[in-house]
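Only heavy atoms go into these numbers, but all of them, side chains included; no hydrogens, no water, no symmetry mates. Position 1 is the first residue of the sequence, and the numbers go up from there.
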Amino acid sequence: MSIRFDLSYANIDPSEFENRFDQLAKANEDLMNKTGVGNDFLGWVDYPLEYDKEEFARIKTAAKKIQNKCDALVVIGIGGSYLGSKAVISALTSPFYNEEPRSKRNGPKIYFAGQNISGKYLENLLALLQDQEVCVNVISKSGTTTEPAMAFRFFKKFLEEKYGKAEAKERIFVTTDQSRGALKFMADEEAYETFVIPDDIGGRYSVFTAVGLLPIAAAGIDIDALMDGGKSGFEDYKKPKFEKNPCYQYALYRNVLYNRGKNIEILVDYDPSLEYLAEWWKQLFGESDGKDGKGLFPAAVHFSTDLHSLGQMIQDGPKNHFETLIVIDEDQSNLKVFRDEKNLEGLNYLDSWEIDAINEKAYMGTLLAHVDGGVPNGIIHLKKLDAFHIGKLIYFFEKACGLNGYLLGVNPFDQPGVEAYKKNMFALLHKPGYEDLTAELEERL
């Protein structure tokens with residue numbers, strides 16, 4: 001199987017799953033028929049089959065234009081508007097992609113902006129790009145989200161001063177609402193090439209739309225294979241039998257352990273390439289689960305690195321957590337340890353061992369230690385790290401997340417809690433319309 005879920009170390013009796021089969025079947029029916037709560041944001045469910053083929057072709061053409069025109073592409077967005085593309089690009093390119101010579105890269109260097117409010121970050125990025133050929137892909141449904149809107153204001157000015165308005169517009173690519181919003185209005189007014197964020201797909205589920213696909217394609221990644229992986233996930237994860245459906249298994253595994261009082265899920269990887277996949281996963285489950293006082297807190301660790309920092313807490317700390325491992329079954333490298341005559345560090349016992357094989361033993365040894373320490377573990381086995389399998393893994397998580405929300409009894413497709421900090425921030429910035437709240441907050445501070 002492309003993806004399989006191993007429950008051998010989860011310490012869950014089969015009856016705990018069986019008792020939830022009816023709930024799972026109902027959740028799946030509501031999801032696949034788009035009849036459940038939040039169904040106005042269920043366009044992602046069949047999107048790998050029903051996507052706009054004409055726009056998909058335009059994405060490929062635009063990606064080629066970006067590759068031919070620029071040394072660096074700046075992707076401006078926050079949350080789901082950047083995490084999906086960064087996750088895929090990080091997983092499928094070298095960890096040192098931006099430092100490699102152009103002859104070794106399949107596309108321009110990729111930088112991200114608008115994902116924070118840091119003057120230093122923005123200033124340093126603008127300075128870095130001063131002498132490079134630059135294109136920008138700005139991604140925002142409304143165009144008024146503070147972080148990306150500010151970043152785009154600076155980059156629009158940067159491009160227009162560097163190239164003039166006529167050439168700058170050839171270097172700006174906009175992904176936004178089909179018909180409304182400030183960014184759509186600006187794109188039409190300035191005649192930027194525009195791609196669509198579908199009305200029925202929220203940001204954290206948007207990797208397979210132009211939101212994710214344009215930056216991913218610009219980096220030289222095969223988006224046909226990525227979509228094929230999503231399509232394969234759609235087909236495989238609607239199979240009715242629990243024992244044949246790893247997506248069902250993962251959703252119920254989370255639900256059983258949550259109902260046992262485990263309130264933290266730790267996603268574990270053993271490959272630095274998956275670091276931003278974990279960041280995307282954290283947003284996907286964090287914004288989807290966390291409502292009405294319910295939900296698992298999504299955390300992530302990167303082993304073996306974090307075994308030297310957080311491993312102690314996981315092993316011997318409070319037992320309010322469980323781990324989900326992502327293991328890539330196919331070796332990523334053939335690099336081997338070699339014999340040294342002096343052997344001062346005592347590593348000659350590893351002579352001729354592949355480093356990936358050593359990493360595998362580290363994962364196995366850690367797994368057994370944590371299970372012995374009372375931490376349930378589930379293992380997602382990913383056959384290999386390529387565009388198809390990453391596409392399938394993304395769909396695996398998206399569907400499991402939707403199922404999990406319905407099992408919890410929450411709407412997994414909204415995020416009302418996100419608005420609270422925005423209101424306070426706007427009030428403290430004296431944005432018009434927030435005067436009453438401004439006075440209240442300033443008094444509290």
Side-chain angles (χ1 to χ4, degrees), residues 3 5 17 20-51 79-80 83-84 87 197-209 211-212 227 229-242 244-259 265 267 277-278 280-292 294-298 324 378 380 390-418:
I3 295 173
F5 191 58
F17 291 127
R20 290 169 169 81
F21 282 174
D22 288 346
Q23 291 172 272
L24 178 66
K26 178 67 167 66
N28 185 64
E29 181 183 340
D30 288 344
L31 199 64
M32 301 309 289
N33 293 335
K34 301 183 182 181
T35 55
V37 63
N39 57 15
D40 47 342
F41 282 99
L42 283 174
W44 61 270
V45 169
D46 54 2
Y47 194 82
L49 284 74
E50 304 298 332
Y51 64 93
L83 279 170
I197 302 174
D199 287 337
D200 57 355
I201 300 179
R204 58 190 179 274
Y205 292 87
S206 66
V207 185
F208 293 115
T209 74
V211 171
M227 294 298 281
K231 181 179 178 181
S232 178
F234 173 86
E235 298 295 346
D236 280 0
Y237 304 142
K238 66 180 182 180
K239 292 176 180 175
K241 292 192 183 231
F242 176 79
K244 300 280 188 184
N245 192 322
C247 186
Y248 288 176
Q249 294 163 13
Y250 176 56
L252 281 194
Y253 155 82
R254 297 181 89 245
N255 187 259
V256 167
L257 293 174
Y258 171 73
N259 281 287
E265 178 180 14
L267 190 71
L277 183 80
W280 169 80
W281 171 89
K282 280 157 63 176
Q283 188 209 3
L284 178 68
F285 281 93
E287 282 194 345
S288 299
D289 277 14
K291 284 130 196 187
D292 304 329
K294 301 176 182 177
L296 285 158
F297 186 90
T324 301
I380 298 169
I390 284 291
K392 192 160 186 176
L393 183 62
I394 286 167
Y395 193 88
F396 169 91
F397 280 133
E398 287 180 347
K399 180 162 186 184
C401 187
L403 292 171
N404 185 77
Y406 286 170
L407 289 167
L408 273 177
V410 301
N411 179 353
F413 309 112
D414 66 357
Q415 54 280 339
V418 173

[X] versus [Y], closest heavy-atom pair with distance:
{"X": "G80", "Y": "S206", "value": "O-OG, 3.6 Å"}
{"X": "L49", "Y": "F234", "value": "CD1-CD2, 3.4 Å"}
{"X": "P412", "Y": "C401", "value": "CB-O, 4.2 Å"}
{"X": "A251", "Y": "A400", "value": "CB-O, 4.1 Å"}
{"X": "V211", "Y": "I197", "value": "CG2-CG1, 3.6 Å"}

Enter the distance from [X]:[atom1] to [Y]:[atom2] here, rounded to the nearest 0.5 Å.
{"X": "L42", "Y": "D200", "atom1": "CG", "atom2": "CG", "value": "8.5 Å"}
{"X": "Y237", "Y": "L403", "atom1": "OH", "atom2": "CG", "value": "12.5 Å"}
{"X": "L24", "Y": "N245", "atom1": "CG", "atom2": "CG", "value": "8.0 Å"}
{"X": "Y258", "Y": "E265", "atom1": "OH", "atom2": "CD", "value": "13.0 Å"}
{"X": "N259", "Y": "L408", "atom1": "CG", "atom2": "CG", "value": "8.0 Å"}
{"X": "I394", "Y": "L284", "atom1": "CD1", "atom2": "CG", "value": "10.0 Å"}

Less than 4.5 Å apart, side chain to side chain, heavy atoms only: is that true for [X] and [Y]?
{"X": "L252", "Y": "L407", "result": "yes"}
{"X": "R20", "Y": "N255", "result": "yes"}
{"X": "T324", "Y": "I380", "result": "yes"}
{"X": "V207", "Y": "W280", "result": "yes"}

Ring centroid separation F21 to Y248 under 6.0 Å: no

Aromatic ring proximity F208/Y51, centre distance under 6.0 Å: no

Residues which pass salt bridge (charged side-chain N to carboxylate O under 4.0 Å, His left out) with K238, listed by chain and number, not counting sequence neighbours: E235

Donor-acceptor contact present, side-chain Y406 to main-chain V37, <3.5 Å: yes

Side-chain (K392) to main-chain (I3) donor-acceptor, under 3.5 angstrom: no

Residue pairs, two or more places apart or on separate chains, that pass side-chain hydrogen bond (donor to acceptor under 3.5 Å, both in side chains) and touch residues 393-403: N28-K399

Counterpart residues, ring-ring contact (aromatic ring centres under 6.0 Å, His included), relative to F297 (two or more places apart): none

For Y47, all residues meeting ring-ring contact (aromatic ring centres under 6.0 Å, His included), sequence neighbours excluded: none

Other residues, nucleotides, ligands: >12 heavy atoms within 6.0 Å of K244 NZ: no

Of all pairs that satisfy salt bridge (charged side-chain N to carboxylate O under 4.0 Å, His left out), the ones with a partner from residues 29-39, not counting sequence neighbours: K26-D30, K34-D46

Mutual orientation of the aromatic rings belonging to Y253 and F5 [parallel < 30°, tilted 30-60°, perpendicular > 60°]: perpendicular

For S288, all residues meeting side-chain hydrogen bond (donor to acceptor under 3.5 Å, both in side chains), sequence neighbours excluded: R204, Y205

Partner of Y250 under ring-ring contact (aromatic ring centres under 6.0 Å, His included), chosen from F242, F396, W281, F17: F396

